[in-house]
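Only heavy atoms go into these numbers, but all of them, side chains included; no hydrogens, no water, no symmetry mates.
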Amino acid sequence: MSSTVSNKPPSSLFKGKAKATDFDDLNPVITYRQLHSHNLGVKDPLRVIALCDSDAFYAACEQVRLGIDPSQPLVVQQWDSLIAVNYPARKFGITRMEKIKEARRKCPELIVVHVATYKEGESQPGYWDNPDTLTHKVSLDHYRRESNKVIRMFQEGLPSGEIEKASIDEAFIDFTKPVREDILRRYPYLAKVPPDAPDGPDSPLPPPPPISWEGLGTVIPINPASPESAATEGCDSGAHLTHDGSQDIDINDDLTTWHDVALSIAAELMGKIRRDIHEKLGYTTSAGIARNKFLAKLTASYKKPNSQKTSQSILRNAAIPTYLRPTPFQKIRFLGGKLGKAIAEEYDVSTVGDLLTDEMQRKFGEESIWVYEILRGIDRSEVKEKAAVNKSMLAAKNLPQPITKASQGHHWIRVLAAELALRLREAREELPTLWPKTLVLHARQGYETGRSKQASFPFTRNATVDVIASAGDRLWRELVGTDVSRTAPLKVTHVALGFTGVECMDAGQRSIEGFFRAPTTSNDVDYAGVSEGAHKRKRGSEDFEDDLGTWRSRSKTDSNISDTRPPQTGSSTSFLCGKCGKRVELPDGLSGEGIEDDFKAEALAALRVEHDDFHLAQELAKQLSSDDSPRKIRPAEKPQSKVKRQRPPEGIARFFRK
DNA sequence: GTGGATGAG
DNA sequence: CGCTCATCCAC
């Protein structure tokens with residue numbers, strides 16, 4: 001079944017009078033069959049998603065690291081400006097991007113922590129006394145590590161929930177599954193279709209129980225908000241009382257749906273995890289809970305301008321239209337940039353409601369289905385567990401004092417290489433089979449067109465600063481040449497070194513992981529040897545370049561060459577499986593001639609064992625008959641694909657193709 | 001492959 | 001508009 005979910009809006013859209021169908025799925029009937037389904041995916045009427053983010057994360061990281069009282073105003077400094085401001089500091093009117101002097105003027109007591117930096121010669125970043133942008137490079141490593149701790153707590157707290165790390169301080173959580181489990185636990189009478197149900201499993205569920213939102217967070221009201229008593233804060237509103245006593249119609253039982261029950265359970269679970277994170281790690285978080293990612297994200301920022309208190313907000317389906325309509329659409333993910341600006345200027349509109357008119361709908365056309373749906377609170381994108389690591393790893397540096405001699409490049413390349421080495425090593429603590437396929441060097445001259453050069457990165461278990469730096473140096477020479485070879489003047493203002501194609505080896509190669517760990521437990525990344533048998537001698541970077549050069553120049557044809565050799569010479573890079581007749585190959589990085597034969601032989605043996613295991617597992621699987629694995633439904637996803645630009649025409653048309 | 005563009009914070 | 005990082009896509 002390759003047909004995708006229909007992306008087409010109702011045809012009424014293009015015939016005017018679409019209003020009646022806007023927001024028409026806010027209270028779907030929920031049947032026993034749906035409740036007991038496990039694979040409804042984004043169409044699940046009980047879907048519940050949360051977006052949880054850390055408050056002023058970098059600042060919180062430093063506050064925790066230094067054991068500072070969280071009520072103290074604290075900022076994180078990067079060179080002369082601020083990159084994070086905690087809530088106590090915000091009370092003084094201090095904002096991000098402010099100059100450090102200005103901030104100090106506003107608050108003399110301000111605690112200022114400069115972000116950690118690398119400096120040349122150090123394999124690790126540190127909190128130096130006077131970091132200098134001329135010689136140091138910012139390190140965000142500590143924040144990445146802390147971020148991973150938070151993510152891990154989400155995962156542990158929700159074994160059956162899906163987690164998607166959205167940024168260093170944000171994650172989406174799909175509560176649908178854990179919530180469903182909870183519903184069935186709490187309301188066991190839902191487990192069976194009643195014998196007298198008119199349509200059997202397709203009968204609607206009985207009316208939901210009343211919900212107490214108390215302690216669960218801020219419930220966004222259904223009715224147009226009077227600014228004061230708009231939302232009900234579950235924990236302190238004392239049931240349903242507000243100042244003027246006029247609100248609260250929205251906490252009305254007959255408006256309660258099973259989806260609200262689901263939201264409330266998610267809110268409970270979310271609150272638990274957030275408290276747990278606060279206790280164990282010291283970080284305060286905010287959360288938004290709604291029926292999809294986009295709304296969850298929007299909900300998380302509900303009414304918390306400068307309110308320090310840890311908070312979470314809940315958006316009931318019934319509240320979606322009133323909440324969405326006045327929302328400036330540029331606050332919506334992916335509409336915050338040029339696209340949003342283009343729409344705003346083209347049509348002179350600013351809110352979601354402005355865009356809900358028939359005229360707008362016609363203008364957007366069918367290709368803009370993503371926008372159409374988003375404006376109506378529909379978002380089919382899935383909470384998709386990200387590969388545990390990113391596909392790329394980049395260390396970049398802007399040079400306030402441009403490089404004018406090619407020979408100066410080495411300096412920065414070493415610094416960037418040190419960062420990459422550390423990050424890769426740390427990533428491999430979790431995922432030993434991690435392997436960056438290529439190393440890329442970018443360099444930009446002033447405003448000129450930056451250029452980049454890349455090369456395959458050799459497999460090595462212990463990617464040292466030296467290995468990375470010498471490969472980087474080689475790229476540098478290819479990119480900018482050498483002092484003597486250059487004729488034109490040089491003025492490099494930006495250098496970046498990065499890994500791309502960072503991936504775990506796949507299952508067939510998994511057992512090779514032993515080779516990553518094996519003998520080295522040393523933390524000494526500056527040690528010049530590569531530690532496995534392949535490179536024994538201690539030597540300088542020149543030698544490394546030779547090795548890398550050898551590796552690079554021959555790697556392409558390696559597998560073919562070695563394939564013709566007798567399997568026992570030790571340099572074979574593949575074997576033929578007797579069971580399936582397939583040829584199983586070593587991964588590229590292990591098959592080059594820069595790798596010693598005995599190392600390859602060992603790797604091959606491991607591969608063999610792995611491959612046999614694979615067949616064993618297959619046979620076992622065969623005996624366990626029924627595989628009712630849920631069919632994957634492709635959701636409408638990724639605005640990028642909707643708004644792709646090609647030879648952009650003028651104005652808004654740049655974003656929407658006919 | 002690589003540079004450009006975009007977006008987020 | 002200062003800096004850092006990631007991803008996608010057209011050429």
Student: What is the distance from CZ of A:Arg444 to P of C:dG2, rounded to the nearest Å?
Tutor: 13 Å
Student: Tell me the interatomic distance from A:Leu51, atom CG, to B:dA8, atom P, rounded to whole angstroms.
Tutor: 13 Å
Student: Whole angstroms only, please: what is the NE2-C1' distance between A:His136 and C:dG2?
Tutor: 19 Å
Student: For the ring pair A:His114 and A:Trp79, is the centre-to-centre distance below 6.0 Å?
Tutor: yes
Student: Closest-nucleotide mapping onto DNA chain C: is A:Ser81 or A:Ala395 further toward the 5' terminus? I mean the 5' end.
Tutor: A:Ser81
Student: Looking just at side-chain N and O atoms, do A:Tyr283 and A:Arg274 make a donor-acceptor pair shorter than 3.5 Å?
Tutor: no
Student: Between C:dC3, C:dA6, B:dT2, which nucleotide gets closest to the side-chain atoms of A:Arg423?
Tutor: C:dA6
Student: Classify A:Lys341 by what it touches in the nucleic acid, base, sugar-phosphate, or nothing, heavy-atom distance under 4.0 Å.
Tutor: nothing
Student: If you take any heavy atom closer than 4.0 Å to DNA chain C, which residues from residues 137-147 of chain A end up in contact?
Tutor: A:Lys137, A:Leu140, A:Arg144
Student: If the condition is salt bridge (charged side-chain N to carboxylate O under 4.0 Å, His left out), which residues does A:Lys99 pass it with, not counting sequence neighbours?
Tutor: none
Student: OH of A:Tyr58 versus C1' of B:dG9: gap in Å, rounded?
Tutor: 7 Å
Student: With a 4.0 Å cut-off, would you call A:Glu170 and A:Lys165 a salt bridge?
Tutor: no
Student: For the side chain of A:Arg96, starting at C-beta, report the closest nucleotide among C:dC5, C:dG2, C:dC3.
Tutor: C:dG2
Student: For A:Leu479 and B:dT2, what is the distance between atoms CG and P respectively, to the nearest whole Å?
Tutor: 10 Å
Student: Please work out if A:Glu419 contacts a base, only the sugar-phosphate, or nothing of the nucleic acid, heavy-atom cut-off 4.0 Å.
Tutor: sugar-phosphate
Student: The side chain of A:Arg451 lies closest to which of these nucleotides: C:dC3, B:dG9, B:dG3?
Tutor: B:dG3
Student: Measuring to OP1 and OP2 of C:dC5, would you say a side-chain N or O of A:Lys391 lies under 4.0 angstrom away?
Tutor: no
Student: Which nucleotide wins on minimum distance to the side chain of A:Lys338, given the candidates C:dT7, B:dG9, B:dT6?
Tutor: B:dT6
Student: Do A:Ser54 and A:Thr285 get their side chains close enough for a donor-acceptor pair, meaning under 3.5 Å?
Tutor: no
Student: Over how many whole Å does the gap from A:Lys397 atom NZ to C:dT4 atom P extend?
Tutor: 6 Å
Student: Under 6.0 Å from the six-membered ring centre of A:Phe92 and within 45° of its axis: does the NZ or CZ of A:Lys106 meet both?
Tutor: no
Student: Looking at A:Arg414 and A:Asp466, is there a salt bridge between them, counting it only when a charged N and a carboxylate O are closer than 4.0 Å?
Tutor: yes
Student: Write down the distance between CD1 (A:Ile168) and C1' (B:dA8), rounded to a whole number of angstrom.
Tutor: 12 Å
Student: When you check the phosphate oxygens OP1 and OP2 of B:dT2, does a side-chain N or O of A:Gln454 lie under 4.0 Å from one of them?
Tutor: yes
Student: A:Lys137: which residues meet the salt bridge (charged side-chain N to carboxylate O under 4.0 Å, His left out) condition with it, sequence neighbours left out?
Tutor: A:Glu419
Student: Counting only side-chain N and O atoms of A:Ser392, is one of them less than 4.0 Å from OP1 or OP2 of C:dT7?
Tutor: yes
Student: Using atom NZ of A:Lys165 as one end and atom C1' of C:dT7 as the other, report the distance to the nearest whole Å.
Tutor: 16 Å
